Amino acid sequence: HALRLKSTAAAQRALDFWYGAGLLERAPEAAEPVEVRPPRLTTAEVAAASCTDPQIAALLHECQNLFGGVVTQTDTNILVSLYRSDGIPVDTILLAAAHAASEGHRSGRYVERMVLRWREAGIVTGADAERYLQQLEIRRQREQQVAELLGRANSTFPAAERRIIARWFEEFGYDTAMIAEA
């Protein structure tokens, strides 16, 4: 775009030309590391594991309570696989399930995505997850305060604005008085 070329194909042709003229070199392509997750457990593997591990029964029982009904076989396989195959502690999975349920999401797939995002962010223990969820609650309260200051009570902010509001408090150290003054 900065070179005012009309398309990526035009940019590629220009790069190929300069490579052919000997003015550019091609770097060897590095393979991006791909995280290989173990496959989900099958129903038979889940049944066998639940006979020997009481944590699985506790996990499924609590998820049923949190989700307000019977956990499907697919969700059971996902939740138990997070614990057995991925090595996620049961308390971390339950915190994610409780948070998901509080937001109206009651599926193992949603919990799986959340827990795996947490792991990428370095949240691996139940204590890490509790601190993170407390931080989310503080951010939600601050967003609500800012919405009231702006006369937008009962409204939600887009993700970009939520990040900005979090920076006001966490990075810049502003308080509500400073924001109200601004």
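Computed from a prediction, not measured in an experiment: that's the story for all the values here.
With respect to Glu112 and Arg40, a salt bridge is recorded, a charged nitrogen being found less than 4.0 Å from a carboxylate O. We find that Arg84 and Glu45 are not joined by a salt bridge, their nearest charged nitrogen and carboxylate oxygen being 4.0 Å or further apart. A salt bridge links Arg131 to Asp128: one of the charged nitrogens lies within less than 4.0 Å of a carboxylate oxygen.
Note that CG of Leu82 and CG of Leu116 are 6.0 Å apart. Values are rounded to the nearest 0.5 Å. Note: Leu150 CG to Glu161 CD = 9.0 Å, rounded to the nearest 0.5 Å. Note that CG of Leu60 is 11.0 Å distant from OH of Tyr83, once rounded to the nearest 0.5 Å. Put simply, CG on Leu66 and NE2 on His61 are 10.0 Å apart, with the number rounded to the nearest 0.5 Å. Residue Met114 holds its CE atom at 15.0 Å from CZ of Arg119, rounded to the nearest 0.5 Å. Here CG of Asp86 is found 9.0 Å from CG of Leu41. Values are rounded to the nearest 0.5 Å.
Checked by atom type and distance alone, the side chain of Asp75 pairs as donor or acceptor with a backbone atom of Gly108 at under 3.5 Å. Checking side-chain atoms of Ser50 against main-chain N and O of Ala47 turns up a donor-acceptor pair under 3.5 Å. Side-chain N or O atoms of Thr92 include none that pairs as donor or acceptor with a backbone N or O of Ile88 at under 3.5 Å.
More than 12 heavy atoms of other residues, nucleotides or ligands lie within 6.0 Å of CD in Glu103, so this atom counts as buried by the packing criterion. Within a 6.0 Å radius of CZ in Arg109, no more than 12 heavy atoms belonging to other residues, nucleotides or ligands are found.
For the pair Asp16 and Gln12, the minimum side-chain heavy-atom distance is below 4.5 Å. The side-chain heavy atoms of Phe17 and Leu23, taken from C-beta on, include no pair separated by under 4.5 Å. The shortest distance between side-chain heavy atoms of Val146 and Glu143 does not fall below 4.5 Å. Two residues are said to be in side-chain contact when any heavy atoms from C-beta on lie closer than 4.5 Å; Ile138 and Phe169 fail this criterion. Gln145 has its side chain out of reach of Ile179: every pair of non-hydrogen atoms, C-beta onward, lies at least 4.5 Å apart. Between Arg139 and Arg162, every side-chain heavy-atom pair lies at or beyond the 4.5 Å cut-off. Counting only heavy atoms from C-beta outward, the side chains of Trp168 and Arg142 never approach each other to under 4.5 Å.
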| message | For Glu137 and Gln141: C-alpha separation, side-chain torsions, deciding distance, then whether side-chain hydrogen bond (donor to acceptor under 3.5 Å, both in side chains) applies. | response | CA-CA 6 Å; Glu137 178 58 24; Gln141 291 171 358; 3.2 Å; yes

| So Tyr132 and Leu95, side chain to side chain contact (heavy atoms under 4.5 Å, CB included) or not? Walk me through it. | CA-CA 11 Å; Tyr132 176 72; Leu95 284 168; over 6 Å; no

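Connection of Ile165 to Met178 is established within a shared hydrophobic cluster, with ILVMFWY side chains joined at heavy-atom distances below 4.5 Å, either directly or through further cluster members.
Ring planes of Tyr110 and His105: parallel class, angle under 30° (limits at 30 and 60°).
Each of Thr76, Val71, Ile78, Asn77 was scored for a side chain to side chain contact (heavy atoms under 4.5 Å, CB included) with Thr74, with one residue passing: Ile78.
Ala97 and Cys63 get closest at one heavy-atom pair: CB-SG, 4.1 Å. Across all non-hydrogen atoms, the minimal contact from Ala129 to Trp118 is CB-CZ3, 3.5 Å. When all heavy atoms of Asp91 and Gly126 are compared, the pair lying nearest together is OD2-CA, 3.3 Å. Residue Ala101 comes nearest to Phe67 through the heavy atom pair CB-CD2, 4.4 Å, listed as atom of the first residue, atom of the second, then distance. Residues Ile93 and Val111 share a closest heavy-atom pair of O-CG1, 4.1 Å.
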